[in-house]
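Notes follow once the structure below has been shown.
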Protein chains: 2
Amino acid sequence: MSQADTKQRILDTAEHYFAHGGFHNTSLRTITHEASANLAAVHYHFGSKEGLLEAVLLRRLEPLNQLREQHLLAVRTDARQQGRPPAVHDILHAFIEPTLHYRERHDGSQDFITLIGKAFLETDDTVRRLFIRHIETTLRLLLDLLGEALPQMGANDLFWRLQFVLGAVSHTMCRTGVPFLIPQGSLAPPCNTDNLIQQLTLFVTAGMEADPK
Amino acid sequence: MSQADTKQRILDTAEHYFAHGGFHNTSLRTITHEASANLAAVHYHFGSKEGLLEAVLLRRLEPLNQLREQHLLAVRTDARQQGRPPAVHDILHAFIEPTLHYRERHDGSQDFITLIGKAFLETDDTVRRLFIRHIETTLRLLLDLLGEALPQMGANDLFWRLQFVLGAVSHTMCRTGVPFLIPQGSLAPPCNTDNLIQQLTLFVTAGMEADPK
DNA sequence: GCACAATTCAAACGTTTGTTTTAATTCCTG
DNA sequence: CAGGAATTAAAACAAACGTTTGAATTGTGC
């Protein structure tokens, strides 16, 4: 087994366990054992447990954010060329579509989507600061575009509605692929990704555009 | 200091640290030290760390759920008396209003609202199973009522839209009172609870009622 | 004020944690 | 094929964890 193999195996295993068990609740011994690697390999390749977490996040968050920003910028460009404000639906779709599609276009990325879905809700500083730092730019772009689409809405309302959107999106990201007990005791219905994207976009668009009373 | 004092102080402190640092990431030594209690007091009063978590959850979840169910049942009764299906807005308001108002009507319950907001997203079994067990009934009632309000909507769509709602609500619950870095680096604007309830209810109502395309 | 239960306390238990160390092994280049 | 760098391996480290113990202390009913 070459170096690249070990490094990848540790990353994949860590991604899975961080997503399902949480960062602090997953030990390096669990990860290295499951990855058939030596315990010391983590510190050799990543320096520390926190370094491993950062590597896990960055590996996929970087390309995903690039994808989302491309989509968002395209929406802005289209709108400007047509001399109109961007549509709320187009903005939110540009944010949601790459995120949920990323799951099925990249092997093993289900765990990652669950992980960053959780990271949004994380109150623990280790995970949250790391995550916030790397998603700031994308979120800023999203907020700016929504401001252009809804110029009459106050900054406060805009902020909170964005929180509602992010809450719905990240909760959905966590739930896909993870069995979730719904009231009657059955499991979540199987989710068709395209349908889920459409339903979620529809939902948050209607929410963003709701008339304040 | 009498028994009741120690027990209460441990509960309050545990609630705070569980909410902000998570269950596994908070040690009993941190809690007991902050509560000016002896380490062994936790096992004497609650049996174990998990027992303490359950006590923290139950202390407030029980009355909160009673409150929510009262509101939900009132909505159903009103609708039946008037011979019409319940309105989506009334249902969601009946669920959201007691939850967010609970914060300011009960001293120290801010931490609890943050805690159960996080519990929704929790993938760790210790916390999640405990939580799910005690909120099942309320969620079931909520789902039933939404089904009555939107009889034309399929069970699958209804399920996922409820997930969107719960995502937005729990994310909001986590964010209130917890400083959250928004893109430009500033903090969350101060939230007026009544206004927040209104905005959130408006948002999720519009989302639930959006026409499926 | 005495006796009995309830509670608090300090200390130690055995595990598990992330990390470090040092030696053995593998890999690649000249 | 030799030699130096890169990687893996086993073992030990100190620190922190939840839990248990048994004695000291406090509170309560007679």
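In the text below, chain A, chain B and the rest are named by the order of the sequence lines, each starting its count at 1.
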### Query
What string of B, S and - do you get for nucleotides 16-24 of chain D, 5' to 3', when a contact is any protein heavy atom under 4.0 Å?
-BBBBB---
Please identify each residue that fulfils ring pair (Phe, Tyr, Trp, His ring centres under 6.0 Å) with [X], with sequence neighbours left out.
X: B/Phe164; answer: A/Phe203
X: B/Tyr17; answer: none
X: A/His71; answer: none

### Message
If we check side-chain contact (heavy atoms from CB on, under 4.5 Å) with B/Asn65, which of these qualifies: B/Thr137, B/Ile135, B/Leu141, B/Leu139?
### Response
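Answer after filtering B/Thr137, B/Ile135, B/Leu141, B/Leu139: B/Ile135.
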Without decimals, in angstroms, what is the distance between [X] [atom1] and [N] [atom2]?
X: B/Lys7; N: C/dA6; atom1: NZ; atom2: P; result: 13 Å
X: B/Arg9; N: C/dT8; atom1: CZ; atom2: C1'; result: 11 Å
X: A/Leu52; N: C/dT19; atom1: CG; atom2: P; result: 10 Å
X: B/Tyr44; N: D/dT25; atom1: OH; atom2: P; result: 17 Å

### Summary
Applying side chain to side chain contact (heavy atoms under 4.5 Å, CB included) to A/Ser27 and not counting sequence neighbours gives A/Arg29, A/Thr30
### Contacts of B/Asp12 that satisfy salt bridge (Lys or Arg N to Asp or Glu O under 4.0 Å) - sequence neighbours left out
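Partners of B/Asp12 by the salt bridge (Lys or Arg N to Asp or Glu O under 4.0 Å) criterion, ordered by chain and then number, come out as B/Arg59.
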### Task
Report yes if at least one side-chain N or O of A/His45 is closer than 4.0 Å to OP1 or OP2 of D/dT8; otherwise report no.
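Answer is yes, contact under 4.0 Å.
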